[in-house]
Amino acid sequence: MRYQQPKCDLPAAEIDDEAVIDRVLNGDTDAFALLMNKYGAMVVNRIKYHVPEDGLEETVQDAFVRAYRSLETCRDRKKFKAWLSSIAVNAAYDYLRKQYRRKETAVSKLTADHRDWLEHVSIQQSKEAYRRRLARSEARDVLDWALCQLPVKDRMVLELVHLQEIPVKEAAKLLGWSAVNVKVRSHRSRKKLRAIIENMIVREKEEP
Amino acid sequence: MRWDHEGHEKVEGVLRDIYLTTGNHRPNSLDPDWKANALRRIRSLPESPGQIPLDWLFQHYLWRLAPAAGILILFLAVWMIQSGLNPDLEMAALALDNPFNFSLIETPGM
């Protein structure tokens, strides 16, 4: 059989997932590049909310390597996109888990400016004031700090269900967990986030 | 200060908007070499994609046996506590082809 160079410049819509998967499973590794072209942006989009910029490329690569290794387990090839999304979310989850284990998540100390920002956010009224608050660098610092306080499972669920507003059922499919587990954990993680922020205000006030 | 429900809602709303805004601002494209790098990693894999990875098999099948294994362990532990640990007598009962004295059969009342 003659070696065929994969046509990487094919429009994404013309790429037939099932046919490409068959080719890959029959030993044509290069054909996998077609799937990477078609779904690269989707995988980046799935991962970029969870993983910091310096870990993004590594995690996207991990997701595709895992997809390649597990291609045989993709039973319903018509749902390849959903299957790949789930792998991407799990790659992001594993990245965070590794970071937590190495204790590399940046837990910076929040300052009085952050506390002031939070207090004003809770009482702000006008849209203009809201936009100004949103643009402040303290905003992202507070969010990053609060997320780092949560266990990685709670963080993942909170990000998917409450921050990205993905329905519980879909989040459960992405994570490969039961819907009940996701529902319970999302409720708990939201309560934890509230407690973390409230404690932060109280602690900062008590400190001299 | 103890926040009321409204205060929490406001803070959560702002944090959600920050999360989505910063995520949206991140570029959707990576270094142009990322695909080549990923393909290089794929080509260096020892197994072909036709082989189902062991970790996948474990995750999808073996852990499902855990409840049955747990029940079996529990049953054997109860049986051991009731009958005591006399493996020599059990073996002798089996060797004498006398299953009525074999406590594994006695315990469930068979």
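Just so it is clear, the structure is predicted and the values come from calculations on it, not from any experiment. Throughout, protein chains are lettered first and strands after them, A, B, ... in sequence-line order, and every chain is numbered starting at 1.
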Enquirer: Go through the atoms of A:V43 and report whether side chain, backbone, both or neither lie under 4.5 Å from a heavy atom of chain B.
Expert: neither
Enquirer: I'd like to know which of A:N45, A:L193, A:L163, A:V44 tops the heavy-atom pair count under 4.5 Å against chain B.
Expert: A:L163
Enquirer: Is the shortest side-chain heavy-atom distance between A:Q164 and A:R46 below 4.5 Å?
Expert: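 SC-SC contact between A:Q164 and A:R46 confirmed.
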Enquirer: Could you tell me whether B:R40 and B:D33 have a side-chain N and a carboxylate O separated by less than 4.0 Å?
Expert: no
Enquirer: Counting heavy-atom pairs under 4.5 Å with chain B, which one of A:D62, A:L56, A:L147 comes out on top?
Expert: A:D62
Enquirer: Would you mind reporting whether A:F32 and A:R23 have side-chain heavy atoms less than 4.5 Å apart?
Expert: no
Enquirer: Can the ring centres of A:F80 and A:Y39 be said to be less than 6.0 Å apart?
Expert: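 Ring centroids of A:F80 and A:Y39 are less than 6.0 Å from each other.
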Enquirer: Counting heavy-atom pairs closer than 4.5 Å to chain B, which one of A:E159, A:E53, A:H162 comes out on top?
Expert: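 The option with the most such pairs is A:E159.
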Enquirer: Quick test of your reading of the model: are A:E198 and A:K191 salt-bridged, counting only N-O distances below 4.0 Å?
Expert: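 Salt bridge absent between A:E198 and A:K191.
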Enquirer: By a 4.5 Å heavy-atom criterion (distance strictly below it), what part of A:E165 contacts chain B: side chain, backbone, both, or neither?
Expert: side chain
